Visitor: 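Sharing a structure, written as structure tokens. Questions coming.
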Amino acid sequence: MLFDSLKILRTFAVVVLLTGGMMSVAHAEDDDDEDHMPAVKNALWQTECGSCHVAFPPRLLSAESWQAVMSGLDKHFGSDASLDAPSAREIGAFLDKNAGSNRYATSGKLILRITETRWFVREHDEVSDRTWKNPKVKSAANCAACHTEAESGNYGERGIRIPK
């Protein structure tokens with residue numbers, strides 16, 4: 001009788017462990033549904049990058065993509081966003097450390113615009129061209145125009161307000 005009880009208890013423990021492991025794997029694979037991207041912090045990055053646009057979550061681009069963005073700051077999407085060498089090194093190291101993988105890429109090419117990533121395109125497929133052209137939105141890169149909590153890393157649907 002004691003032997004049967006131990007056998008049942010061991011079987012139950014194995015089932016619990018396996019179920020927990022499968023749930024962890026399922027959650028990891030479902031990681032594409034990222035409405036909240038915990039804001040990693042770097043004051044210089046926030047000040048410099050956030051002075052013109054939302055300081056985009058570093059994990060939205062790969063380290064290689066961030067390196068390419070940082071190496072072209074003198075012609076940063078039509079603006080000169082040049083930084084002094086120490087600032088560029090600090091921000092570059094921060095982005096590199098917190099970069100994502102290439103899983104957001106739409107192809108094998110290096111992506112420099114978050115708006116061209118597979119994740120962004122899928123998440124915004126229902127947004128009309130009219131919305132992107134709204135003078136209060138201006139472009140798909142202006143996250144804060146619709147995502148009221150973008151500065152804190154929250155891109156959830158509850159915080160979306162499409163400007164009229």
Side-chain angles (χ1 to χ4, degrees), residues 21 23-127 129 131-163:
M23 288 173 61
S24 295
V25 169
H27 179 70
E29 289 174 357
D30 192 32
D31 202 24
D32 280 342
D33 188 19
E34 298 164 338
D35 288 338
H36 186 76
M37 298 183 187
V40 290
K41 302 290 182 194
N42 177 285
L44 186 59
W45 162 76
Q46 187 68 47
T47 300
E48 292 294 340
C49 301
S51 66
C52 295
H53 54 72
V54 170
F56 299 113
R59 71 190 223 173
L60 291 180
L61 290 177
S62 68
E64 296 81 17
S65 292
W66 284 121
Q67 289 162 8
V69 168
M70 291 299 293
S71 69
L73 289 177
D74 59 326
K75 49 191 175 304
H76 185 67
F77 304 106
S79 297
D80 185 349
S82 297
L83 297 169
D84 60 83
S87 296
R89 276 193 303 276
E90 179 181 332
I91 292 171
F94 167 75
L95 293 171
D96 194 54
K97 177 183 176 192
N98 295 287
S101 64
N102 280 325
R103 71 189 182 118
Y104 295 123
T106 54
S107 67
K109 70 177 185 146
L110 193 62
I111 301 244
L112 302 182
R113 295 179 182 271
I114 291 166
T115 57
E116 293 176 357
T117 64
R118 184 183 72 227
W119 170 82
F120 185 93
V121 171
R122 186 187 70 238
E123 289 295 316
H124 297 87
D125 64 349
E126 74 281 359
V127 178
D129 286 341
T131 298
W132 295 130
K133 292 175 184 169
N134 180 329
K136 294 178 182 175
V137 175
K138 296 179 187 169
S139 83
N142 185 10
C143 304
C146 302
H147 293 276
T148 61
E149 298 175 33
E151 292 291 338
S152 66
N154 187 349
Y155 295 84
E157 296 206 6
R158 288 187 190 163
I160 294 176
R161 301 290 176 271
I162 307 295

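Values in this document were obtained by computation on a predicted structure and should not be read as measured data.
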Visitor: Any side-chain heavy-atom pair from Glu151 and Val54 closer than 4.5 angstrom?
Guide: yes
Visitor: Would you please name every residue forming a ring-ring contact (aromatic ring centres under 6.0 Å, His included) with His76, sequence neighbours left out?
Guide: none
Visitor: Minimum heavy-atom separation for Leu61 to Ser65, with atom names?
Guide: CB-CB, 3.9 Å
Visitor: Who passes side-chain contact (heavy atoms from CB on, under 4.5 Å) against Asp125, sequence neighbours left out?
Guide: none
Visitor: Tell me yes or no: between the side chains of Ser82 and Asp80, is some donor less than 3.5 Å from an acceptor?
Guide: yes
Visitor: List for me each residue that meets side-chain contact (heavy atoms from CB on, under 4.5 Å) alongside Ser87, sequence neighbours excluded, and say none if there are none.
Guide: Leu44, Leu83, Asp84
Visitor: Between Trp66 and Pro58, is there a donor-acceptor pair closer than 3.5 Å when you use the side chain of the first and the backbone of the second?
Guide: yes
Visitor: Of all the heavy-atom pairs spanning Ile114 and Thr117, show the shortest one and how long it is.
Guide: O-OG1, 2.8 Å
Visitor: Please tabulate, one pair per line, all N/O donor-acceptor pairs under 3.5 Å involving side-chain atoms of residues 138-148, not counting sequence neighbours.
Guide:
residue, atom, partner, partner atom, Å
Ser139, OG, Ala141, N, 3.1
Asn142, ND2, Val137, O, 2.9
His147, ND1, Tyr155, O, 3.4
Thr148, OG1, Gly159, O, 2.7

Visitor: My understanding is that only residues two or more places apart in sequence, or in another chain, count here; which of them pass side chain to side chain donor-acceptor pair (under 3.5 Å) with Thr115?
Guide: none
Visitor: Using the test side-chain contact (heavy atoms from CB on, under 4.5 Å), find all partners of Lys97 that sit at least two apart in sequence or belong to another chain.
Guide: none
Visitor: Taking all heavy atoms of Asn42 and all of Glu90, pick out the closest pair and write down the distance.
Guide: ND2-OE2, 3.3 Å
